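Each chain gets a letter, A, B and so on, in the order the sequences are listed, and its residues count up from 1. These numbers come from a predicted model, not from an experiment.
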Number of protein chains: 2
Amino acid sequence: MSFPASVVNSRIEAFKQACVERGVKVTHQRLEIYRALASSVTHPDAETIYRIVRKRIPTISHDTVYRNLKLLSDYGLIAVAGTSNERLRFDANMERHHHFVCVQCGLIRDFCSEQLESIHCPQEAHAFGEPVSLHIEVKGVCTKCGSHKKKKK
Amino acid sequence: MSFPASVVNSRIEAFKQACVERGVKVTHQRLEIYRALASSVTHPDAETIYRIVRKRIPTISHDTVYRNLKLLSDYGLIAVAGTSNERLRFDANMERHHHFVCVQCGLIRDFCSEQLESIHCPQEAHAFGEPVSLHIEVKGVCTKCGSHKKKKK
DNA sequence: GTATCTGCAAATGCTTTGCATGTCG
DNA sequence: CGACATGCAAAGCATTTGCAGATAC
């Protein structure tokens, strides 16, 4: 359940450089947290990453893992899988539709699109299991957050 | 920020019938929770729904809202927006890729697809803001969970 | 050397649960 | 009437934060 070392190593080198560019210190803990994530083909949660990193740094604390995952995602060095960096959101619309998700405020809005109706589940996805539904997720900045930004300038 | 009453009312009628079919009691609170959700074009979280419902039922409690949202999503009467009914999951893969999400165990795996490379963001999504990225989310049952099911039979 | 990071422990906030009472069908 | 739903209050977890000491650069 992990990538070949060559892939991981090249990712790590790119990561180090990206840290330097952004003025983020490359600490031992931070590097191992990144390594754990970059090695995994699934998308582990904080707890899972914590357990992996502990094998290499037994003294690492829970909050260091959380803090670094948050910091790295703020700097765009890693991503959060799925939509919510927040709470659960519910949806009464059970028909096929797609989502626009604001990366700043978490707003989710539905849209439909004829173009997207024709998409069918690609072969590649079948390798992992039996697909049930498919939808598009567009991440972006909503008009509200976009205009706030302008006001600040 | 809400649907026309005709749409909401027809959803509510369908909801009532679906409840009866599944043996779920149509209580005052449950109906108002559903109404709040069905009326909203955004995808409110539990707290927001709680605040809306409180206008009609001031004595409703927090946990009734949580319990009903969970119950309704278990019965497939409403959906959870996004992937995670769990914890945050992280992702070191910053290139364009798509997700297969197991609805049972929460597993997330990446896949790429030439067919999907050609998809571009539909006009409809631009109405909500400035799109940044786009990816497909396939929900389904992973091979592991699928085989567990078979063993139980 | 200094700004940043880590570890600890305690706090915060969302969500769940046990139990007695109330309500739907 | 009897099973299921609600309200209350308290517990459970994931995640965050304040602070003193440690570390990267």
Side-chain angles (χ1 to χ4, degrees), chain A residues 12 15-37 43-54 56-75 77-78 80-90 106, chain B residues 12 15-37 43-54 56-75 77-78 80-90 106:
Chain A
I12 286 174
F15 172 73
K16 283 181 186 170
Q17 197 181 325
C19 282
V20 172
E21 281 167 12
R22 282 157 232 238
V24 173
K25 288 184 182 168
V26 183
T27 63
H28 186 199
Q29 290 87 336
R30 190 163 286 164
L31 197 57
E32 290 306 326
I33 288 167
Y34 183 80
R35 187 199 304 278
L37 191 56
H43 297 285
D45 57 28
E47 182 62 29
T48 306
I49 294 168
Y50 171 68
R51 260 180 270 139
I52 296 169
V53 175
R54 247 160 85 99
R56 285 164 168 268
I57 314 177
T59 57
I60 200 168
S61 66
H62 241 134
D63 46 297
T64 298
V65 175
Y66 277 100
R67 241 185 310 225
N68 276 304
L69 289 171
K70 193 173 173 49
L71 183 142
L72 296 181
S73 69
D74 285 348
Y75 276 97
L77 296 168
I78 63 172
V80 177
T83 55
S84 74
N85 14 351
E86 322 190 307
R87 306 159 234 178
L88 283 182
R89 286 162 168 276
F90 300 89
Chain B
I12 286 174
F15 171 74
K16 284 181 186 171
Q17 198 181 326
C19 281
V20 173
E21 281 166 13
R22 282 156 233 235
V24 173
K25 288 183 184 169
V26 183
T27 63
H28 186 200
Q29 289 88 337
R30 190 164 287 164
L31 196 57
E32 290 307 324
I33 289 167
Y34 182 81
R35 186 199 305 278
L37 191 56
H43 297 285
D45 57 27
E47 183 61 30
T48 305
I49 294 169
Y50 172 68
R51 259 181 271 136
I52 295 169
V53 175
R54 247 159 84 99
R56 285 164 167 269
I57 314 177
T59 58
I60 200 169
S61 67
H62 240 135
D63 47 294
T64 298
V65 174
Y66 277 100
R67 242 187 307 226
N68 276 304
L69 289 171
K70 193 172 174 50
L71 182 142
L72 296 181
S73 69
D74 285 348
Y75 275 97
L77 295 168
I78 63 172
V80 177
T83 55
S84 73
N85 13 351
E86 322 190 307
R87 304 159 234 181
L88 284 183
R89 285 160 168 279
F90 299 90

[atom1] of [X] versus [atom2] of [N]: gap in Å, rounded?
| X | N | atom1 | atom2 | value |
| --- | --- | --- | --- | --- |
| I60(A) | dC5(C) | CD1 | P | 14 Å |
| D74(A) | dC5(C) | CG | P | 12 Å |
| I49(B) | dT15(C) | CD1 | P | 10 Å |
| R51(B) | dC14(C) | CZ | C1' | 13 Å |
| K16(A) | dC25(D) | NZ | C1' | 15 Å |
| D45(B) | dG13(C) | CG | P | 14 Å |
| E47(A) | dG12(D) | CD | C1' | 14 Å |
| Y50(A) | dA14(D) | OH | P | 12 Å |

Please report how far the helix from dG1(C)-dC25(D) to dG25(C)-dC1(D) bends, comparing the axis fitted to its first five pairs with the axis fitted to its last five, to the nearest 10 degrees.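 Computed angle between terminal axes is 50°.
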
Near DNA chain D, which residues from residues 19-32 of chain B have a heavy atom under 4.0 Å away?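 Heavy-atom cutoff 4.0 Å gives K25(B), T27(B), Q29(B), R30(B).
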
Mind running a 4.0 Å heavy-atom check of residues 61-70 of chain B against DNA chain D and sending the residues that fall below it, in number order?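 Those residues are S61(B), D63(B), T64(B), R67(B), N68(B).
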
If I compare all heavy atoms of Y34(B) with all of L77(B), which pair ends up nearest, and what's the gap?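 Where Y34(B) meets L77(B) most closely, the heavy atoms are CE1-O, 4.2 Å.
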
So which heavy atom on V53(B) is nearest to which on I33(B), and how close?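 Where V53(B) meets I33(B) most closely, the heavy atoms are CG2-CA, 3.8 Å.
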
Which residues pass the salt bridge (charged side-chain N to carboxylate O under 4.0 Å, His left out) test with R54(A), not counting sequence neighbours?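 Testing R54(A) for salt bridge (charged side-chain N to carboxylate O under 4.0 Å, His left out), a comparison that skips the adjacent residues, returns none.
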
Taking [X] for its side chain and [Y] for its backbone only, find out whether a donor-acceptor pair lies under 3.5 Å.
| X | Y | answer |
| --- | --- | --- |
| R30(A) | N68(A) | no |
| R56(A) | E32(A) | no |
| R87(B) | A46(A) | no |

Side chain to side chain donor-acceptor pair (under 3.5 Å) with S73(A): which residues, sequence neighbours excluded?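 S73(A) satisfies side chain to side chain donor-acceptor pair (under 3.5 Å) with no other residue.
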
Partner residues of H62(B) under the ring pair (Phe, Tyr, Trp, His ring centres under 6.0 Å) criterion, sequence neighbours left out: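 Testing H62(B) for ring pair (Phe, Tyr, Trp, His ring centres under 6.0 Å), a comparison that skips the adjacent residues, returns Y50(B), Y66(B).
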
